[in-house]
Q: 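Dropping a structure here in structure tokens format, bear with me for questions.
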Amino acid sequence: MSAHVFTCIFLDPSGSIYVRWGKKECPTNATEIVYTGIAAGGHYTNPGRPSNPVCVPHDPDLGQVSHESAFGSLFGMEYETKDFGSNLIDKDVPCAVCRVSHASTVLMIPGKSHCYSGWKTEYSENLMSGHYGHAGASQYVCVDSVPDILEAGSQNDNGYLLYAVKAYCGSLKCPPYVQGTLFKCVVCS
């Protein structure tokens, strides 16, 4: 069995599923791994790319080769930041799909590093998104505070790129926010 292939049998299908961006494992706090994968999405320059990134498994069931000239595309995701204590520029992003059986709801809260009362922290802490000046749409994702990288990434292909998210005052009230500070985030169940 490959180190990346997991077989899961759920005796109780209740609970909630979330993607842990930037990690190869689920937290050890009563979660179980569904699969590990490669974070991916559309190319950052494509104005028609889907905004949502996906976590694709390491063991795909491949389709047929296409010769169509109209198509969507899927590229690997790369970090593009030095803001989190290590140089993550052009490093490939892993992901893990996790199941929590103790909760029916999972929520990502931007701007917080701790869950509100009554909620349990799954992981936290850096809000990331595509670059504000790039043509392709992106989503805000919460990347673990100690991100992993995929060691076997094949090349710097600049697909779906992740940047740290900064606060900009104006419509965003300052205070309590502060111009230029990085946004934290937390995933709660």
Q: Only counting residues at least two apart or in another chain, list the ones meeting side-chain hydrogen bond (donor to acceptor under 3.5 Å, both in side chains) with T45.
A: H43
Q: side-chain contact (heavy atoms from CB on, under 4.5 Å) with P50: which residues, sequence neighbours excluded?
A: N52
Q: Side chains of residues 178-189: which donor-acceptor pairs under 3.5 Å do they make with residues two or more places apart or in other chains?
A:
unit_1	atom_1	unit_2	atom_2	d
Q179	OE1	C169	N	2.7
T181	OG1	V178	O	2.8
K184	NZ	E125	OE2	3.0
S189	OG	H102	NE2	3.0
S189	OG	E122	OE2	2.6

Q: Under a single-linkage definition using a 4.5 Å side-chain heavy-atom cutoff for Ile, Leu, Val, Met, Phe, Trp and Tyr, are V34 and V141 assigned to the same hydrophobic cluster?
A: yes
Q: Could you pull out all residues at least two apart from H131 that satisfy ring-ring contact (aromatic ring centres under 6.0 Å, His included)?
A: H134, Y163
Q: Rounded at 0.5 Å granularity, tell me how far NZ in K91 sits from CG in L162.
A: 14.5 Å
Q: Rounded to the nearest 0.5 Å, how far apart are OH of Y160 and CG of L74?
A: 11.0 Å
Q: T81: which residues meet the side-chain contact (heavy atoms from CB on, under 4.5 Å) condition with it, sequence neighbours left out?
A: D83, F84, L88, M128, A164
Q: For V146, which residues count as a side-chain contact (heavy atoms from CB on, under 4.5 Å) partner, sequence neighbours excluded?
A: K23, D144
Q: Decide yes or no for Y18 and V97: does some side-chain heavy atom of the first lie under 4.5 Å from some side-chain heavy atom of the second?
A: no
Q: May I have all residue pairs that pass disulfide (SG to SG under 2.5 Å) and include part of residues 17-61, sequence neighbours excluded?
A: C26-C98, C55-C95
Q: Hey, could you give me the CG/OH distance between N126 and Y79, rounded to the nearest 0.5 Å?
A: 10.0 Å
Q: If you link ILVMFWY side chains whenever their heavy atoms are less than 4.5 Å apart, which other residues fall into the same cluster as V65? By chain and number, please.
A: none
Q: Does Q139 CD have over 12 foreign heavy atoms under 6.0 Å away?
A: yes
Q: Keeping to residues at least two apart or across chains, list the salt bridge (charged side-chain N to carboxylate O under 4.0 Å, His left out) pairs with something in residues 165-176.
A: none
